Number of protein chains: 2
Amino acid sequence: MAGSKVGSIGEYIRDQRQRAKISLRQLADAAGVSNPYLSQIERGLRKPSAEILQQIAKGLRISAEALYVQAGILEDRKADTDVQAAIRADLSLSERQKQVLLDIYESFRKENEGGVPAPADANDERKEAVE
Amino acid sequence: MAGSKVGSIGEYIRDQRQRAKISLRQLADAAGVSNPYLSQIERGLRKPSAEILQQIAKGLRISAEALYVQAGILEDRKADTDVQAAIRADLSLSERQKQVLLDIYESFRKENEGGVPAPADANDERKEAVE
DNA sequence: GCAGAGTGCTTGCTATAGCAAGCACTCCAG
DNA sequence: CTGGAGTGCTTGCTATAGCAAGCACTCTGC
């Protein structure tokens, strides 16, 4: 999907449907939503709920997440790193603690965008962080 | 969160709110939703849209995804990897950064020995770590 | 005691999501 | 030509999401 990340969900659905070479009614039937409503969604007249998006994704045989991203209700995340996935799934952490760790992890990665720093620099980093 | 992955979103929100030790109105204000509506959501009388869940997540300072998972609109992605192993193996972090993250992770887990704690504690931890 | 602050909930309303019934059109076979 | 199948859209309706106004309660200070 070239262009903006959060575009018109309706246009995106129509595009995917046309790529799949199925009619509006065929998709509506496969998705279990009414065909007039799907038409309205595609033309931007209605704003579908996440549940409807889930059904449409099923009918299109694509991930619901892809539609959520287009609809602006989910961040477009490239595959989680192992660290991120592990933190999210860790049952010994509260939701808030997970968010804190993820934020710190992310800020560390930003610092390292020019490369992983030498151990001497990392020393200073630790002192700041621990204090 | 032991037990079913997709439970009552209302109970979950109330639980997170009570862990954060904030009143219903405080969360409603922080989230930008009406307090009666939040009350209805917590009691399972209404079914909030993804947009409202997003706002509530912001007010609770947790990820929207966590609420989506509870609401059944997003799959809970499993991670087979352990947090500690993942941090150690992450090539985008320096060794010192890894240690910092591991220390924080460890201290979070220590705090949680009697159970998953109130997020207010995690708040303090974050301030220390970033400074 | 009363007033004020804070709490969670009730109630009635508006806007709109999502549907069913059906229209208008195109295409093709008999 | 007509009828049938398929297409996308219009229209009017119902159910409900989400809100504002306000109630009933608890607690505290004067």
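Bear in mind the structure is a predicted one, so any value in this text is a computation, not a measurement. Letters go in sequence order (proteins before strands), and every chain restarts at 1.
Comment: Lys98(A) engages Glu95(A) in a salt bridge, judged by a side-chain N to carboxylate O separation of less than 4.0 angstrom. By the 4.0 Å N-to-carboxylate-O rule, Arg25(B) lies too far from Asp29(B) to be salt-bridged with it. Taking 4.0 Å as the cut-off between side-chain N and carboxylate O, Glu51(A) and Lys47(B) count as a salt-bridged pair.
For the side-chain contact (heavy atoms from CB on, under 4.5 Å) with Gln70(B), the lone residue among Ile9(B), Ile13(B), Leu53(B) that qualifies is Ile9(B).
For dC9(C), one of the phosphate oxygens OP1 or OP2 lies less than 4.0 angstrom from a side-chain nitrogen or oxygen of Arg14(B).
Between the CG atom of Asp29(B) and the P atom of dG6(C) there is a distance of 11 Å, given to the nearest Å. Protein atom CG of Leu27(B) is 16 Å distant from nucleotide atom C1' of dC9(C), rounded to whole Å. One atom, CG of Leu24(B), and another, P of dG8(C), lie 5 Å apart when rounded to the nearest Å. Arg25(B) places its CZ atom 11 Å from the C1' atom of dA21(D), with the value rounded to the nearest Å. Note: OH (Tyr37(B)) to P (dA17(D)) measures 6 Å, nearest angstrom. Asn35(B) has its CG atom 10 Å from the C1' atom of dC19(D), to the nearest Å.
The side chain of Ser34(B) lies closest to dC19(D), out of dC19(C), dC19(D), dT7(C). For Pro36(B), whose side chain is taken as the heavy atoms from C-beta onward, the closest listed nucleotide among dT10(D), dG18(C), dA20(D) is dA20(D).
Atom CD1 of Ile62(B) is separated from atom CZ of Arg96(A) by 9.5 Å, given to the nearest 0.5 angstrom. Of the inter-residue distances, the one linking Leu38(B) atom CG with Gln26(B) atom CD reads 11.5 Å to the nearest 0.5 angstrom.
Put simply, the side chain of Arg17(B) gets close to the backbone of Ile22(B): a donor and an acceptor are under 3.5 Å apart. Without hydrogens or angle criteria, Gln55(A) side chain to Ala31(A) main chain gives a donor-acceptor distance under 3.5 Å.
Less than 4.0 Å separates DNA chain D from at least one heavy atom of each of the following residues of residues 38-46 of chain B: Gln40(B), Arg46(B). Taking every heavy atom of residues 48-57 of chain A and every atom of DNA chain C, pairs under 4.0 Å involve Pro48(A), Ser49(A), Ile52(A), by number.
Counted by atom type alone, Gln97(A) and Asn112(B) present one or more donor-acceptor pairs between their side chains at under 3.5 Å.
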